[in-house]
Structure formats: structure tokens, C-alpha cells
Amino acid sequence: MNQESTIQMRKKLISLAKKAGALQPDSQERMRLEAMATEYAERFFDSLPHQKAYSAFDAKDFIFMDDAIPEEGQSPSQLFKDVENRVVRPGLNTVSGKHFGYIPGGGLATSAIGDYLAAVTNRYAGVYSISPGAVSLETRLVNWMCGLMGYGANSGGYLASGGSIANFTAIVTARDASGLKAADYSKAVVYLTRQTHHCVDRALNMAGLRECTRRYVLMDNQFRMKSDELETAIRQDRKNGFIPWLIVGSAGSTDTGAIDPLYEIGEIAKNQNLWFHIDAAYGGFFMLTESGQQKLRGIERSDSVVLDPHKGLFLPYGTGALLVKDVKTLARSHGFSANYLRDTEMKNTFYSPAEISPELSRHFRGLRMWLPLKLHGVKAFRNSLEEKLLLSQYLWERLNETEEIETGPPPQLSVFMFRWKPETDDGDTNEFNKKLHQSLLEDGRIFLSTTRIDENFFFRVAVLSVRTHLQEADLLLDILKEKMSEIS
Ligand SMILES: Cc1ncc(COP(=O)(O)O)c(C=O)c1O
């Protein structure tokens, strides 16, 4: 390359860097944007008690689908307004204390601050030798959760993006640890119940196990797996030439909040030599409470367990966890080698997330979990979870004594079902309940989601928002009564 062309190239590089300068606002501009974000965040938090839990919207208004992605940058004030009015306002207000639908979660301000720092510094939480602080911080959190589940020194795991992905990697790990080969799949059997979260079925499909038999074990009248039926089914399947390999228990099912008999299932899994996986995405963090520990007795007998800190620890979406009793099983399924990463190999006493999960570059999820745990202490989380257990009991009892309300079983944790049985009911109870649901959605002050049990429409009450207290529970009862009398 001659000298002239080098000079031209240098000029062009300087000019391009200048033109791309907008990507790196100076400190004054950064502070202006940060101030706008903080001002909005504070206004959002302060107004939460008055905000609706649900804002109805026109499904035909595809909000952002025609949004221009502009060639030139725009002024931030309009963009912040867009966030407020077009992103945050319509639909479900997931951090409202009046959100009793699905499984609530999220909303810890201190977690958002942790996340902000994770994004600013962008520490690479994949490999220890590149980011020892970030990786060891996450590993410490994983070890803490393993201890909470009663797992021993050989255990480990990783922070996933959520319960579905964590369950998927659990299935892959169980498949490999059980030595299943493609030729076995048509004879392989998984034991679960009709209450098992649908992501487990999807995970089996994604893991290449679409062919394997799902054996739905009968449940008792509280939607818990019958362990004697499980044992009989396994024996029968073996006799018939099938290959039983996996039991999936629920520690708090989504629909009904049911806890399978984990201790008994653990015993069967051990005797029958099956992998025992527990989906505790919703219920797992109740292990922080004394009564939760009693209810979830036997969780320590599992080979793998999924927890969702974005549910039970009130963190923002995007924080799940898979824990396994023997971390080597995770490494066997997810280990890799790559020439361009050779110089990152180190002999550690623990695995890096990249070695035991499907991700390489990954969000540094640890900081959003570590900061609130350290700032507030575990005791604050324990108290809040105890409050949720008691609030759901309170709500169940109050609804149970309400005329025209039929409740499902009492909450085993903090989820239960109920439906309206009006006196004027001419047989179509489902229609009454659908009307009631529609009117709650239009009103929006509280949010409840629904399910079907044997084709019967039921409301679900799920108490797990950090902002749900007695006041919100009473509001739920008042609004229900108000709407029922309006409709009937
Ligand atoms: C019991 C259970 N398992 C799995 C999931 C899926 O978790 P995620 O939504 O984090 O993917 C949920 C979600 O509500 C759940 O309640």
C-alpha cells in the first residue's frame, strides 16, 4: 500500500468515526438521558398504586408494527413518551400489586438498577477467565440456590432466561444422563400429570423426543400426582417393553398451584432408577419460608430442579435457573471446545456458564439478582413470600364464605381457583364466568386470568407480586362483588 492511499484511508476513518459520533453521547448528553429515564421511572413507581392492573386495547391497533426505524436520530422526549404511552400503558401491568393473573413477578427497583449496571459495563458472564467477577458472582448465586434446595457439594447449574429454557436444558441433560439413544425414543416413557406446565411437553419435542410416550399419571382431588399410580405405571411399562426414564414433578403447578408428593416420587425414582426432574419455576422460592420447606419436602431428592427468580424473587423477566444435583451431567450435555476459545480454558474449581448451558454470549443476569439480595437481605424476601402464602389463604377463605362463589381446593402455596355460581344460573356457568371476566378486563382495576378444568371455566388467583398486600387483596374481593352484582 502506498503512502497516499494510507493517508486517504486514515482521513476516511477519522471522518466515519465523526459521523458515527452520535452513538457515543458525551457525559452531559448521557446525564440528560439518564435523568429523563430516572424521572420517568420515579413517576412510574410513584403512580403504581393508582395505575390500572390491566388496560384494554384495540387488538387491531398493532401499535408499533408501522413504526419507522429512521435514518436520522430523533429527539428523546417523544421516544420516552412512546415508551410510556405505547409500550407500558396497554395490556397487563405486570408489576402492579393488583395483578393476580398467570404467575406475577418482577418489579424490584433495585433489580433494575443492577440490570442497568450490567448493561453499562457489559461484563461477559460466560467464561471465568474473561470475567472472573461476573462468573463467580453468578456461580455463587447458583450455589446458594442449590443449598436452598438441599443439594450437596457436587451440585451446580446456571442462570437461564426463564423457566421454559431451564426446563428444556433439564430435559436434554436428563436424556443424555439416562443414556437414551435415538433408537430408544419410541419406547421411552416420561411420567407427568395433566397439570405439568406445557413447556415440559414442548421441551421434549425440542429435545428430539416427540416420539416418546407421555404417561399422564392420575391425580388426587387436589391435582397432585398419585404416587402409587406412578409406581404401578412404571412397573407395567417395563413389563410391556417400554423404557421408563424420566419423572417430572411439579412444585407448584401453574393452573392449580398443586405440589406433587415430591418425597414419595423421589423414593420411586431412586428405586426404579429414573431421572427425577422438578419444575419449581413458580413454587421453588417458597423454600425460603418455614412452611414452604415443609410443603416442598422431598425437593432435595430430585436430580434437577427449575426455579424462576423472575417469579419468586420478584426480578424482571429474563431470570430463570436450572440446578442439577451432579453438575457433571450438565457439562456432559453442554460441553464444547472451540479453537478460538482455547486461551480461555482454565482449570477452575467450578464450571463457567458457557460450559454447562447452551449459551455463549449471554446477558449478565447475576447482577439483577445479587444486588437486591445483598441490599435487602434474604429475610426481606422470606417475609414477603410468607405474606403471599397468608394472603392467598385469606383470599381463599373470604371467597369460600362468599355466596355464589365456588372455590377449588385451598391453596397449597399461593395459587387457587374459584368460579361464580350465580343463583340465576340456568346451567351455563361458564358463560356467567366469561362475562364476569370480560367485565373485569374492561374495568382493569384488578387482573385475574382463567383456566379450564374438565371444560369448566375457572378463575385463578395467583398471589406473587411483591406489591400485593392486604389492601390489594381486599380490593380484589370488593371489585368481584361489585361486578357480580352488576352482571346478575
Ligand atoms: C410451573 C411453571 N413452569 C414453567 C413456567 C415457564 O416459565 P417461563 O415463563 O419463565 O418460561 C411457568 C410460567 O409461568 C410455570 O408457572
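Both ligands and their constituent atoms are indexed starting at 1 by order of listing. Small disclaimer: the values here were computed from a predicted structure and weren't measured.
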Numbering the atoms of ligand 1 from 1, which are under 4.0 Å from a heavy atom of [X]?
X: Ala281; result: 2 (C), 3 (N), 4 (C)
X: Cys199; result: 4 (C)
X: Gly252; result: 1 (C)
X: Gly163; result: 7 (O), 8 (P), 10 (O), 11 (O)
X: Gly162; result: 10 (O)

Using a plain distance cutoff, I'd like to know if [X] has any nitrogen or oxygen under 3.5 Å from a nitrogen or oxygen of ligand 1.
X: Thr254; result: yes
X: Asp308; result: yes
X: Ile103; result: no

So between [options], whose heavy atom ends up nearest [atom]?
atom: atom 5 (C) of ligand 1; options: His198, His310, Gln195, His197; value: His197
atom: atom 6 (C) of ligand 1; options: Ala280, Pro104, Ala160, Ser164; value: Ser164
atom: atom 4 (C) of ligand 1; options: Leu307, Val306, Asp279, Val200; value: Asp279

Distance to the ring centre below 6.0 angstrom and angle to the axis at most 45 degrees; does that hold for [X] and [Y]?
X: Arg362; Y: Tyr158; answer: no
X: Arg194; Y: Tyr216; answer: yes
X: Arg301; Y: Tyr263; answer: yes

Indicate yes or no: at least one non-hydrogen side-chain atom of [X] is less than 4.5 angstrom from one of [Y].
X: Glu387; Y: Val466; value: no
X: Val190; Y: Cys212; value: yes
X: Ser302; Y: Leu262; value: no

Ion pair present between Glu264 and Arg224, side-chain N to carboxylate O less than 4.0 angstrom?
-> no
Is the shortest side-chain N to carboxylate O distance from Arg452 to Glu455 below 4.0 Å?
-> no
Atom 13 (C) of ligand 1 has as its nearest protein heavy atom Lys311 NZ, 3.0 Å
